[in-house]
Amino acid sequence: MKKTVLLSMLIVTSILNAQERPKLVVGIVVDQMKMEYLYRFSDDFSANGFKRIIDNGYSFENMHFNYMPTYTGPGHSSIYTGTTPSIHGIVGNDWFNRSTGKEMYCTDDASVHTIGDGKPDEGEMSPKNLQTTTITDELRMQTNFKGKVLGISLKDRGAILPAGHFANWAFWYSNTGAFISSSFYGEKLPEWVTKFNNEKHYMPYINKGWDLFKPISTYDKSLQDNNPYEGKLYGSSAPVFPYNLKEMYEKNGASIIRSTPFGNDLLAEFAMQTINNEELGKDNITDFLTLSFSSTDYVGHLTGPRSVETQDTYLRLDKTIADFLTYLDKTVGKDNYLIFLTADHAGAENVNYLKDNKYDVNSVEPKEIKKGLTQFSQDTFGENLVLNYSNFNLYLNKEIIKNKGLDLFKVKQSFKEYLMTQNQVKRVYTEEEILASTGNDFFLDIISKGYDPNQNGDLVVLDKPGFIEYKGTGTSHGTPYSYDTHVPALFYGWHVKHGESHDRKVITQIIPTIAQMIKIPFPNGTEAKVMTEVFK
């Protein structure tokens, strides 16, 4: 009798322990997704994709990035570390390195090499430039490295940075059409990845081409198919459907799938193969898959937020997510996985579209800004003191300034005064002003959270709302304004009840919340501010 009772207690204890954490956590980042898309396209979404997550999960409707610049590398890093670039060190997708005098990329690592069928430089990547731990790192350590972590994306940075320092693997898409990795993770691709690559899963999408997913009447939330605010896809004569992807592939290769919604479909296929072959969510030790959909960003940059192409991409992504959720139900179990879905940044309206509707804004390309700065420097100081202008940062040549006996503070002030005369500029902050930020200036506080004195410039420029440092078609992002910061934040699955919040939240709260839900330590750089609504 005692043995029977003891056995029953052990079984109950085992069940309770299994419920302490989900079997699988899936972090989904949709590159350049504005919260507004969930509203604008809602009527045309199915019941099984985004709506399933919203109707059965918890939605934070007022989620914002709390730093500048709002780019992909910093975005993924800030989501998964629960802190900002001032702490985790990923201050851009790339940025100027004073020590080398060259641009450096956020995941550059010359000590490693490409694994798989990719070009040599495509795999010289690792998370070594990320200065803090991620939630995926903390999960690995908390499970004594038994819980698996894999990161996948079309973009290298979208795979590497979320997966952290201790990941089993990160895989990203090569221009060759293969998913590749780096020797940071291993010396040979898993056999299943090689098999997937050899099957060329991208070709059926290319052969079929890109036509509208739904009847043309569905796309009344967008501008007309051919409008002056769109760029052209790989040399197409006009930005109109249908697109002959086979012709584009013959001229440009497998990379073209990135700029179509089928890049997302291909990634979802690869994600399901990853879960199956790596046996994620198969036991009671929590695994973590980071999944970043990049095609939304490529399409958004090219065609802008009001294009039929962008709407079509999101309608197709809705189906892709629906199919992925169904797959998780069958393989991991409906109550055994936890999902969060967000974006690495949002995106601006096209400036010419705004101008044509009587909003007096403009686009200015960074190279033109640098050209003006160089001319000002030569006219004022008789020499070019500009090392670099990028990511809204101005880097000055301190060596020349010192050798000429110039006062660095006065030089900075001169450049600040010049920049303030430019039509697109709202404010300019010096390094000293940024580091002395008290939080009383909203935009200065946001800039300070994106600023690392060892990697950023001597001055940082804040453009006026609506202005964009980009070309005239499509769109971009990077500013601290709501059109670049306001993104979805959806929680779904294991232990998540339905609800929504309209209080302002910031992106660095997502991961501390997940850490508390699954009972693991916080990443080491986070302020550990938790969104308690999920627990109520």
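Heavy-atom basis, side chains included; hydrogens, waters and symmetry copies ignored. By convention here, the first residue in the shown sequence is residue 1.
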> Has Gln413 got more than 12 heavy atoms of other residues, nucleotides or ligands less than 6.0 Å from its CD?
Replying inline: yes
>> What verdict does the side-chain contact (heavy atoms from CB on, under 4.5 Å) test give for Ile507 and Val487, after you've listed the backbone C-alpha separation in whole Å, the side-chain angles of each residue and the deciding distance to 0.1 Å?
In response: CA-CA 9 Å; Ile507 205 72; Val487 297; 4.0 Å; yes
> So Thr84 and Thr508, side-chain contact (heavy atoms from CB on, under 4.5 Å) or not? Walk me through it.
Replying inline: CA-CA 7 Å; Thr84 60; Thr508 50; 3.9 Å; yes
> When you check the side-chain N and O atoms of Asn388 and Glu103, is any donor under 3.5 Å from an acceptor?
Replying inline: yes
>> Would Met248 and Ser236 count as a side-chain contact (heavy atoms from CB on, under 4.5 Å) here? Give the steps.
In response: CA-CA 8 Å; Met248 295 177 187; Ser236 56; 4.0 Å; yes
> For the residue pair Tyr37 and Phe41, does the interplanar ring angle fall in the parallel (under 30°), tilted (30 to 60°) or perpendicular (over 60°) class?
Replying inline: parallel
> Would Lys34 and Asp484 count as a salt bridge (charged side-chain N to carboxylate O under 4.0 Å, His left out) if you check the C-alpha gap in whole Å, the side-chain angles of each, and the deciding distance to 0.1 Å?
Replying inline: CA-CA 8 Å; Lys34 299 155 71 77; Asp484 282 341; over 6 Å; no
>> My understanding is that only one of Gln224, Glu349, Gln311 makes a side-chain hydrogen bond (donor to acceptor under 3.5 Å, both in side chains) with Arg306; could you say which?
In response: Glu349
> Under the 3.5 angstrom rule, does the side chain of Asp137 hit a backbone N or O of Thr134 as a donor-acceptor pair?
Replying inline: yes
> Counting only N and O atoms by type, is there a donor-acceptor contact under 3.5 Å from the side chain of Ser78 to the main-chain atoms of Thr83?
Replying inline: yes
> Under the salt bridge (charged side-chain N to carboxylate O under 4.0 Å, His left out) criterion, do Glu61 and Lys505 qualify, and how do the steps go?
Replying inline: CA-CA 9 Å; Glu61 306 273 310; Lys505 305 294 183 181; over 6 Å; no
>> I want to know whether Tyr359 and Phe467 have ring centres closer than 6.0 Å.
In response: no
> Does the side chain of Gln455 come under 3.5 Å of the side chain of Trp95 through a donor N or O and an acceptor N or O?
Replying inline: yes
> Between the side chains of Asn129 and Tyr105, does any donor sit under 3.5 Å from an acceptor?
Replying inline: no
> Relative to the ring of Phe50, is the ring of Phe45 parallel (under 30°), tilted (30 to 60°) or perpendicular (over 60°)?
Replying inline: tilted
> Side chains of Asp452 and His88: donor-acceptor distance under 3.5 Å anywhere?
Replying inline: no
> If you draw a 6.0 Å radius around NZ in Lys319, do more than 12 non-hydrogen atoms from other residues or ligands fall strictly inside?
Replying inline: no
>> Hydrogens and angles aside, do Arg316 and Asn264 bring a side-chain donor and acceptor to less than 3.5 Å of each other?
In response: no
> Among Lys370, Lys371, Glu469, Lys367, which residue meets the side-chain hydrogen bond (donor to acceptor under 3.5 Å, both in side chains) test with Tyr389?
Replying inline: Glu469
> In terms of side-chain heavy atoms, does Asp312 have a donor or acceptor partner in Trp210 at a distance below 3.5 Å?
Replying inline: yes
>> Tell me whether the count of non-hydrogen atoms from other residues, nucleotides or ligands lying under 6.0 Å of CG in Asn357 goes above 12.
In response: yes
> Do Val386 and Asn397 have side-chain heavy atoms sitting under 4.5 Å apart?
Replying inline: no
> Ring centres of His301 and Tyr470 under 6.0 Å apart?
Replying inline: yes
>> What I want to check is whether the side chains of Thr473 and Glu230 have a donor and an acceptor closer together than 3.5 Å.
In response: no
> Do His64 and Thr485 have side-chain atoms, one donor and one acceptor, less than 3.5 Å apart?
Replying inline: yes
>> We want to know whether Thr72 and Asp344 form a side-chain donor-acceptor pair, criterion being a heavy-atom distance below 3.5 angstrom.
In response: yes
>> Please check if the number of heavy atoms outside Glu399 that lie under 6.0 Å from its CD is greater than 12.
In response: no
>> Determine whether the aromatic ring centres of residues Tyr67 and Tyr451 are separated by less than 6.0 angstrom.
In response: no
> Does the Ser377 side chain pair with the main chain of Leu385, one donor and one acceptor, at a distance under 3.5 Å?
Replying inline: yes
> Looking only at side chains, do Tyr429 and Asp441 share a donor and an acceptor under 3.5 Å apart?
Replying inline: yes
> Taking the six-membered ring of Tyr298, is NZ or CZ of Lys155 closer than 6.0 Å to its centre and within 45° of its axis?
Replying inline: yes
